[in-house]
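Here is how names work: the chains are called A, B, and so on, in the same order as the sequence lines, proteins then strands, and each is numbered from 1. Remember, predicted model here, so these are calculated numbers, not experimental data.
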Amino acid sequence: MNSTVRVRFAPSPTGPLHIGGVRTALYTFLYARKHQGTFILRIEDTDQGRYVPGAEDYIKEALDWLNIQPDEGPEIGGDLGPYRQSERKAIYKKYADEIIAKGNAYFAFDTPEDLGALRKEAEANKENFKYDASTRMSLKNSLSLSPDEVQNLMDQEAPYVIRLKVNPNEEVVFQDLVREEVRWSTNELDDKVLMKADGMPTYHFANIVDDHLMKVSHVIRGEEWLSSTPVHVLLYRAMGWEDTMPEFCHLPLILKPVGKGKLSKRDGAKFGFPVFPLDWVDPKTGEEVTGFREKGFEAEALLNFLALVGWNPGDNEEVMDINTMIEKFSIDRVSKSGGRFDYDKAKWFNAQYVQQGDEEDLATKLKPLAAQKGYEVSDDFLKGFVQLMKTRVTFVNEFLDEGYYFFEEVKAYDEKNLRKKWKEDKRAKFDLLYQRLDRINNFTEEVVETEVKAFLQEEELGFGAVLPILRIGLSGTLKGPSVFGMMELLGKEKTLNRLKKAYADFDKLLQNV
RNA sequence: GGCCCGUUGGUCUAGUGGCUAUGACACGGGACUUUCUAUCCUGGGACAGGAGUUCGAUCCUCCUACGGGCUGCCA
C-alpha cells in the first residue's frame, strides 16, 4: 500500500458547509487515518465574488466539533502552504506562464458579454456554444490573432483570461477508485478558463497546481466533479505532471429524502431537519439555518450516520465509533449510487449514542443545561436522572424537558387519565398508602417497591388502580420511568409532599366537573 | 438537447453465474411492564423493464426507461 497518503478536503467558503461536504471530509479523514497519511484542509477561495465572511470559520468550527482534525491547513500550518488559495496567487501565475510557454494554453480577450451573447444565440438555435477547437479560431485570442494584435491588446492592458488548449479527437481515459474506468472524448470538452481576468485562477487550475505542489496522492471529492476530471487529467498532462497525478475517487451524492435532486438547504426547511452541521446566519440575507449540533446531535452519532450513507463495511455492524470506522474504511466499499437522506435513521443513531452513552458523560453534558435553567442539583442526582431517562430520549437536549418534574414542581396533571383512576371509593386507600410510605426509613427503589407491593396485596388492589395515580401525582404525566425509581430519586420528603399536594389537587379537580 | 455516472424492499445496504436474496431504519403484530420508552421475538415488503450470452442469470453484454451530475472568467 501507498505509505505516503496525502489527502485533502478543499471546501469553498461561500456559505455554511453542507452535510454532503461533511461526509466528503469524513471519508477523506478516514482514508488518511486508515493509511497513516496526512489530512489537509485547503480553503478554495478563488472566487472573490462569492466569498462569504465567516464561512471559513464555520468550516473550521464544524470540523472541530466533529473532531475531524486536519494535520495541515490554514492556521495549523504545514510545509507545503499556504493553504488558502487566495494567498497563492503568485504561484498560479508562475505555472500559468509555464503552461503558456509550453503551448498548451493561450490568452483569450473575449469579454463575458461577448461570450454571453454567443451562448444566447446558440441557445436560440437549440444549440450549445462551446469555446473549443471548432470555434476558437473565430474568437478573440492569441491563437486566432496575429502576434502584433495580441501584443497590442496586451499593451493596452486589455483584460484577458488564459484558456487550456484542448486538442480535438482524443480520448481521455482515467481510473476512478469507485467508478473504475471512465472515458471521455476531448470533443466533449471545452477550452476551460485557467486564469480569470482578475488574475485569480479558476478552480480547475488552482486545484491541479495545489494538488501537485502539496503532493496529494488521492483526490476524494463529490461526484459533481467527475465531469471536470478529464480536464484535470489534461492539465496534469499539459504541465508534465502526469506521472505523479493523484488517484481519483468520486463519491456518490446525498439525495433529498423524496423527489428529485440532491439534498439542499430547502429540504431542511421543508422537512424540519438540519442539513448543516452548525447553526448559521447568512451575513447578507439574514437567513438562518439550524445545525445538527444545535438540534441536539452528538458529533459521533452524526459521523456514524453519515459514514454509512454511501459506504458500509460489509458486516452487519452499524453502530461504531470513529476508530472502528477508520479500521474498517476502504474506498472499494464505497457505493456508486447516490443515497437518500434518511432523517429517521439519523435520529436512531443519536438515540443509540445516548442510550449506550456513559452516564457520567451524559450527566456532565447536562450540567450546564441544567444550570441554564436554574436547576441546582448534585452530580449524583444528575447521574441518577440520566439513568432513569436515557432510554426515553433521542437527544441530550430532551432530557430536561421530558423530565422537568425532577427539578421543579409538576406544572400540570394529565386530567383525562386522572378522572378514569381517581375513584371516590379508593380515596381512603391512598391516604393509607401515604402513611405507609411515610413509615419507610430507607427510601430506596427496592424498599419502596416491596412496601407498595405488600400494601397492594393486603388491600387487594391492582397495580393499575394505584400506580398511575402515584405517577400523575409525582410527574403529572402517565409516561416516564419506573414510579419507584422516581420516588427514590426525588427522595422521601419531596415524594410525600408531592403526593399530599396531589391528593388535594385531585379532589379539587374532580369536584369541579 | 449533448456527454458522463448510476439503478437490490419506502430508505440505507450485503450478496453470488445455481441460496427460501443479508442486515439495519421505518411500518404491522406479539412478549415484558404500573405508563412511555428501551429491549426481545415476529410479520409484510426488493434484484427497473426488454432482449441476448449461458444448461442456468440479480450477477456478463446490449437496448429502453428512470434517477443523478456536468454543460460559467462558480466551486
Base, sugar-phosphate or nothing for A:Arg221? Non-hydrogen atoms, less than 4.0 Å. nothing
Give A:Asn207 one of three labels, base, sugar-phosphate or nothing, depending on what nucleic acid heavy atoms sit under 4.0 Å from its own. nothing
Looking across every strand, which nucleic acid part, if any, lies under 4.0 Å from A:Gly480 by heavy atom: base, sugar-phosphate, or nothing? base
Side-chain ion pair, A:Arg436 and A:Glu458, N-O less than 4.0 Å: yes
Side chain to side chain contact (heavy atoms under 4.5 Å, CB included) partners for A:Val309, two or more places apart: A:Arg23, A:Ile254, A:Phe305
Under 4.0 Å, heavy atoms only, any strand: does A:Val483 hit a base, just the sugar-phosphate, or nothing? base
So A:Thr14, base contact, sugar-phosphate only, or nothing? Heavy-atom distance under 4.0 Å. nothing
So A:Arg179, base contact, sugar-phosphate only, or nothing? Heavy-atom distance under 4.0 Å. sugar-phosphate
Checking base pairs now: Watson-Crick or wobble, both atom distances under 3.5 Å. What partners B:C19? none
Under 4.0 Å from a heavy atom of chain A: give me the 5'-most and 3'-most nucleotides of RNA chain B that qualify. B:G1 to B:A75
Using a cut-off of 4.0 Å on non-hydrogen atoms, how would the nucleic acid contact of A:Lys262 be classed: base, sugar-phosphate, or nothing? sugar-phosphate
Is there a Watson-Crick or G-U wobble partner for B:U37 with both distances under 3.5 Å, and if so, which one is it? none
Give every donor-acceptor pair under 3.5 Å between a side-chain atom in residues 467-475 of chain A and any protein atom, sequence neighbours left out.
{"unit_1": "A:Arg471", "atom_1": "NH1", "unit_2": "A:Gly480", "atom_2": "O", "d": "3.3"}
{"unit_1": "A:Arg471", "atom_1": "NH1", "unit_2": "A:Pro481", "atom_2": "O", "d": "2.9"}
{"unit_1": "A:Arg471", "atom_1": "NH2", "unit_2": "A:Pro481", "atom_2": "O", "d": "3.0"}
{"unit_1": "A:Ser475", "atom_1": "OG", "unit_2": "A:Arg471", "atom_2": "O", "d": "2.9"}
{"unit_1": "A:Ser475", "atom_1": "OG", "unit_2": "A:Thr477", "atom_2": "N", "d": "3.3"}
{"unit_1": "A:Ser475", "atom_1": "OG", "unit_2": "A:Thr477", "atom_2": "O", "d": "3.0"}

With rounding to the closest Å, how many angstrom separate the P atoms on B:U37 and B:C70? 43 Å
Taking atom P in both B:G28 and B:G1, compute the distance separating them and give it to the nearest angstrom. 42 Å
Just checking A:Pro230: base, sugar-phosphate only, or nothing, at a heavy-atom cut-off of under 4.0 Å? nothing
Just grab all the salt bridge (charged side-chain N to carboxylate O under 4.0 Å, His left out) pairs involving residues 167-177 of chain A, residues at least two apart or on different chains. A:Glu171-A:Arg183
Counting Watson-Crick and G-U wobble pairs only, both distances under 3.5 Å, name the nucleotide matched with B:G10, or none. B:C25
For A:Gly310, report the nucleic acid contact type (base, sugar-phosphate, nothing); a contact means any heavy atom under 4.0 Å. sugar-phosphate
Would you please name every residue forming a ring-ring contact (aromatic ring centres under 6.0 Å, His included) with A:Tyr503, sequence neighbours left out? A:Trp422, A:Phe430
Both distances under 3.5 Å, Watson-Crick or G-U wobble: report the partner of B:C62, or none. B:G50
By the 4.0 Å heavy-atom rule, please label A:Arg50 as base, sugar-phosphate, or nothing. base
Considering every strand and a 4.0 Å limit on heavy-atom distances, what is the contact class for A:Thr111: base, sugar-phosphate, or nothing? base
Any side-chain hydrogen bond (donor to acceptor under 3.5 Å, both in side chains) involving residues 189-203 of chain A? Give me the pairs, sequence neighbours left out, ordered by first then second residue. A:Tyr106-A:Asp191, A:Arg136-A:Asp191, A:Asp190-A:Lys192, A:Tyr203-A:Asn207, A:Tyr203-A:Arg221
